Amino acid sequence: MTDNRDKVLAALREAPQFSDVQQVDSITRLGGMTNLVYRVEFGGTSVIVRIPGEGTEDYIDRAVEDHNARAAARAGVSPEVLFARPETGLMISRTVPDIETMTPALFQSRKGAPARAGNALAKLHGSGETFRFRFELFSMIDDYLKVLATKDVDLPDGYHDVVAAAAPVKKALANADLPLAPCHCDPLCENFLDDGNSMWIVDWEYSGMNDPLWDVGDLSIEAGLNEAQDRELMEAYFGRTPTAAETGRMVIYKAMCDLLWTLWGLIQHADDNPAEDFWAYATERFARCKALMQDPAFAGHVAAVEKG
């Protein structure tokens, strides 16, 4: 961690309350696909320092993120933001103690994890907080395509055909009386922190007002949940058995999140993000989207949403 020690300390000292910190006990690099994230411990204090990745300003509004992260903290599902500088993307937040950063494998193996995630999402969505930004799926697809048009990268074969095939989905969602709630909108497993009793949610870069079942469907895909785990997640979320229309929206969003994040992955690939093989990430997501949309049951879920 010595390579970035000076950079992390300089970032920490930008916060007025930490401006005179000279020595720290430890600096630990944490996960992060697009940003540099560190846990810094000093004098009995532990904080998370997030330094934004290069190029993220092209598609992330840091002022919106700051507002929404603070609202999520008020909702009781996210750690307190101690300092943020939206013009640069720096954010410092309080560390949540005694947690396990979730992964798909941990969602599979930790008993009750889908239910705890469902409870956390329900708490966020029912908080009454208002997020800035309206997360609108098909507008974001158009926006990402515009970003990609400026970069040297090809779309996977058939991408525009699948977008066209999603027209009935777009129509069904547009005609439905969908609720809007403060949503995370990017519920990667690693954005959930589990203490065994409840889950915390972090990283609000893509958050906004959205149909809350986007978060539920997206998390199911990210965690690779099976049918029984989907049921556990949904029943904990609703506190009851979901309706056919609610299940339909969740399944639709499983496919649509893959359609959207395919483009996000291509942007990372074009930007030479070294965090992982983003071409493989994008093509895998696109293949999964196509498979789900071609499943004979998919049209029934769209019909259930249309029926309401």
Side-chain angles (χ1 to χ4, degrees), residues 8 11-12 15 27-41 45-53 56 59-86 89-107 110 113-114 116-125 127 129 131-133 135 181-210 212 214-216 218-223 233 257 261 264 275:
V8 176
L12 176 69
I27 299 176
T28 305
R29 174 76 188 271
L30 304 178
M33 295 178 74
T34 54
N35 303 305
L36 299 174
V37 184
Y38 303 90
R39 183 174 63 245
V40 184
E41 299 183 339
T45 297
S46 181
V47 301
I48 304 298
V49 177
R50 195 283 309 279
I51 300 170
T56 54
Y59 51 90
I60 295 170
D61 187 324
R62 297 296 183 184
V64 167
E65 178 199 22
D66 179 33
H67 175 275
N68 294 355
R70 293 177 189 275
R74 289 194 300 270
V77 300
S78 192
E80 179 187 3
V81 177
L82 301 173
F83 176 78
R85 197 179 293 284
L90 171 65
M91 181 173 283
I92 301 173
S93 55
R94 196 176 300 282
T95 299
V96 181
D98 303 321
I99 52 87
E100 195 72 61
T101 300
M102 295 300 289
T103 63
L106 287 174
F107 264 105
R110 281 173 76 88
R116 289 192 292 279
N119 289 332
L121 289 173
K123 187 175 183 180
L124 169 66
H125 298 158
S127 67
E129 293 288 343
F131 279 1
R132 292 181 184 166
F133 180 64
F135 187 99
C183 290
H184 187 278
C185 301
D186 183 32
L188 291 174
C189 297
E190 291 78 7
N191 289 333
F192 287 77
L193 312 177
D194 186 25
D195 66 11
N197 294 309
S198 59
M199 285 206 190
W200 299 78
I201 311 174
V202 296
D203 188 353
W204 302 92
E205 291 182 319
Y206 302 94
S207 59
M209 300 300 287
N210 194 5
W214 171 277
D215 279 351
V216 181
D218 199 344
L219 175 61
S220 173
I221 280 290
E222 304 298 346
L233 171 66
C257 75
W261 300 133
W264 177 88

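If you're wondering where the values come from, they're calculated on a predicted model, not measured in any experiment.
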Colleague: Would you mind reporting whether F192 and E100 have side-chain heavy atoms less than 4.5 Å apart?
Modeller: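 A side-chain contact under 4.5 Å is absent here.
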Colleague: With no hydrogens and no angle check, is any side-chain donor or acceptor of H184 less than 3.5 Å from a backbone partner on L121?
Modeller: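 Pair absent, no side-chain N/O of H184 close to backbone of L121.
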Colleague: Has the side chain of S207 got a donor or acceptor atom that lies under 3.5 Å from a matching backbone atom of C183?
Modeller: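 No: the side chain of S207 does not pair with the backbone of C183.
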Colleague: Kindly determine whether R29 and R39 satisfy side chain to side chain contact (heavy atoms under 4.5 Å, CB included), including the steps that lead there.
Modeller: CA-CA 7 Å; R29 174 76 188 271; R39 183 174 63 245; over 6 Å; no
Colleague: A side-chain contact here means heavy atoms from C-beta on lying under 4.5 Å apart; do V216 and L233 qualify?
Modeller: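 Side chain of V216 against side chain of L233, heavy atoms only: contact under 4.5 Å found.
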Colleague: Go through the steps to decide whether E65 and M91 satisfy the test side chain to side chain contact (heavy atoms under 4.5 Å, CB included), and finish with yes or no.
Modeller: CA-CA 10 Å; E65 178 199 22; M91 181 173 283; 4.1 Å; yes
Colleague: Would you say that more than 12 heavy atoms from the other residues, nucleotides or ligands in this model lie under 6.0 Å from the CZ of R94, or not?
Modeller: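 Atom CZ in R94 is not crowded, with 12 or fewer foreign heavy atoms closer than 6.0 Å.
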Colleague: Closest approach of C189 and F107, non-hydrogen atoms and distance?
Modeller: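 Between these two residues, the closest heavy atoms are SG-CD1, 3.6 Å.
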Colleague: Between atom CG of D203 and atom CD1 of I48, what is the distance when rounded to the nearest 0.5 Å?
Modeller: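 Going from the CG atom of D203 to the CD1 atom of I48 covers 12.0 Å.
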Colleague: Nearest 0.5 Å, please: how far is CE in M199 from CG in N191?
Modeller: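 Going from CG on N191 over to CE on M199, the span is 12.0 Å.
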Colleague: Mind listing the closest non-hydrogen atom pair of A15 and I92 along with its distance?
Modeller: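 Heavy atoms of A15 and I92 come nearest at CB-CD1, 3.9 Å.
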Colleague: State the OG1-CG distance between T95 and L193, to the nearest 0.5 angstrom.
Modeller: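 Answer for the OG1-CG pair, T95 versus L193, is 10.0 Å.
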Colleague: Assess whether side chain to side chain contact (heavy atoms under 4.5 Å, CB included) is satisfied between L30 and Y38, documenting all intermediate values.
Modeller: CA-CA 5 Å; L30 304 178; Y38 303 90; 6.0 Å; no
Colleague: Among all residues two or more places apart in sequence or in another chain, which pass the ring-ring contact (aromatic ring centres under 6.0 Å, His included) test with F135?
Modeller: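 For F135 the ring-ring contact (aromatic ring centres under 6.0 Å, His included) partners, ignoring immediate neighbours, are W214.
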Colleague: Going by salt bridge (charged side-chain N to carboxylate O under 4.0 Å, His left out), name the residues that satisfy it together with D66, two or more places apart in sequence or in a different chain.
Modeller: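 Here the qualifying residues are R70.
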Colleague: Mind listing the closest non-hydrogen atom pair of C185 and D215 along with its distance?
Modeller: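 Scanning both residues, the minimum pair turns out to be N-OD1, 2.7 Å.
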Colleague: Identify, with sequence neighbours excluded, every residue that meets salt bridge (charged side-chain N to carboxylate O under 4.0 Å, His left out) alongside E190.
Modeller: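 So E190 forms no salt bridge (charged side-chain N to carboxylate O under 4.0 Å, His left out) with any residue.
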Colleague: How long is the span from the CG atom in L12 to the CD1 atom in I27, to the nearest 0.5 Å?
Modeller: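 So the gap between those two atoms works out to 8.0 Å.
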Colleague: Without swapping roles, check the side chain of D195 against the backbone of N197 for a donor-acceptor pair under 3.5 Å.
Modeller: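 Confirmed, D195 side chain pairs with N197 backbone.
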Colleague: For P79 and V202, which heavy atoms make the closest approach, and how far apart are they?
Modeller: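 Taking every non-hydrogen atom into account, CD-CG1, 3.7 Å.
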Colleague: Drop me the distance from T101's OG1 to L106's CG, to the nearest 0.5 angstrom.
Modeller: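 Answer rounded to 0.5 Å: 9.0 Å.
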Colleague: Side chains of N35 and E205: donor-acceptor distance under 3.5 Å anywhere?
Modeller: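 Side chains of N35 and E205: pair found under 3.5 Å.
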Colleague: For the residue pair Y206 and D186, what are the closest heavy atoms and their distance?
Modeller: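 What the structure gives for the nearest pair is CD1-OD2, 3.4 Å.
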Colleague: With sequence neighbours excluded, what pairs up with R116 under the salt bridge (charged side-chain N to carboxylate O under 4.0 Å, His left out) test?
Modeller: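 Counting only residues at least two positions away or on another chain, R116 forms a salt bridge (charged side-chain N to carboxylate O under 4.0 Å, His left out) with D194.
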Colleague: Check side chain to side chain donor-acceptor pair (under 3.5 Å) between R132 and all other residues, then give those that pass, not counting sequence neighbours.
Modeller: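 Applying side chain to side chain donor-acceptor pair (under 3.5 Å) to R132 gives none.
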Colleague: Checking side chain to side chain contact (heavy atoms under 4.5 Å, CB included) for the pair R62/T56: CA distance, chi angles, key distance, verdict?
Modeller: CA-CA 9 Å; R62 297 296 183 184; T56 54; 3.0 Å; yes
Colleague: Sub-3.5 Å donor-acceptor pair from the side chain of S127 to the main-chain atoms of A75, do we have one?
Modeller: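 Answer holds: no.
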Colleague: Which value, rounded to the nearest 0.5 Å, describes the distance between R50 atom CZ and S93 atom OG?
Modeller: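 The OG atom of S93 is 8.5 Å from CZ of R50, to the nearest 0.5 Å.
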Colleague: Are F133 and W204 close enough that their ring centres sit under 6.0 Å apart?
Modeller: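 No, ring centres 6.0 Å or more apart.
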Colleague: Using every non-hydrogen atom in the two residues, find where W200 and G76 come nearest and quote the distance to one decimal.
Modeller: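 Residues W200 and G76, closest heavy atoms: CZ3-O, 4.2 Å.
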Colleague: List in chain and number order the residues that pass salt bridge (charged side-chain N to carboxylate O under 4.0 Å, His left out) with R74, two or more places apart in sequence or in another chain; answer none if no residue qualifies.
Modeller: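 With sequence neighbours excluded, R74 shows a salt bridge (charged side-chain N to carboxylate O under 4.0 Å, His left out) to E129, given in chain and number order.
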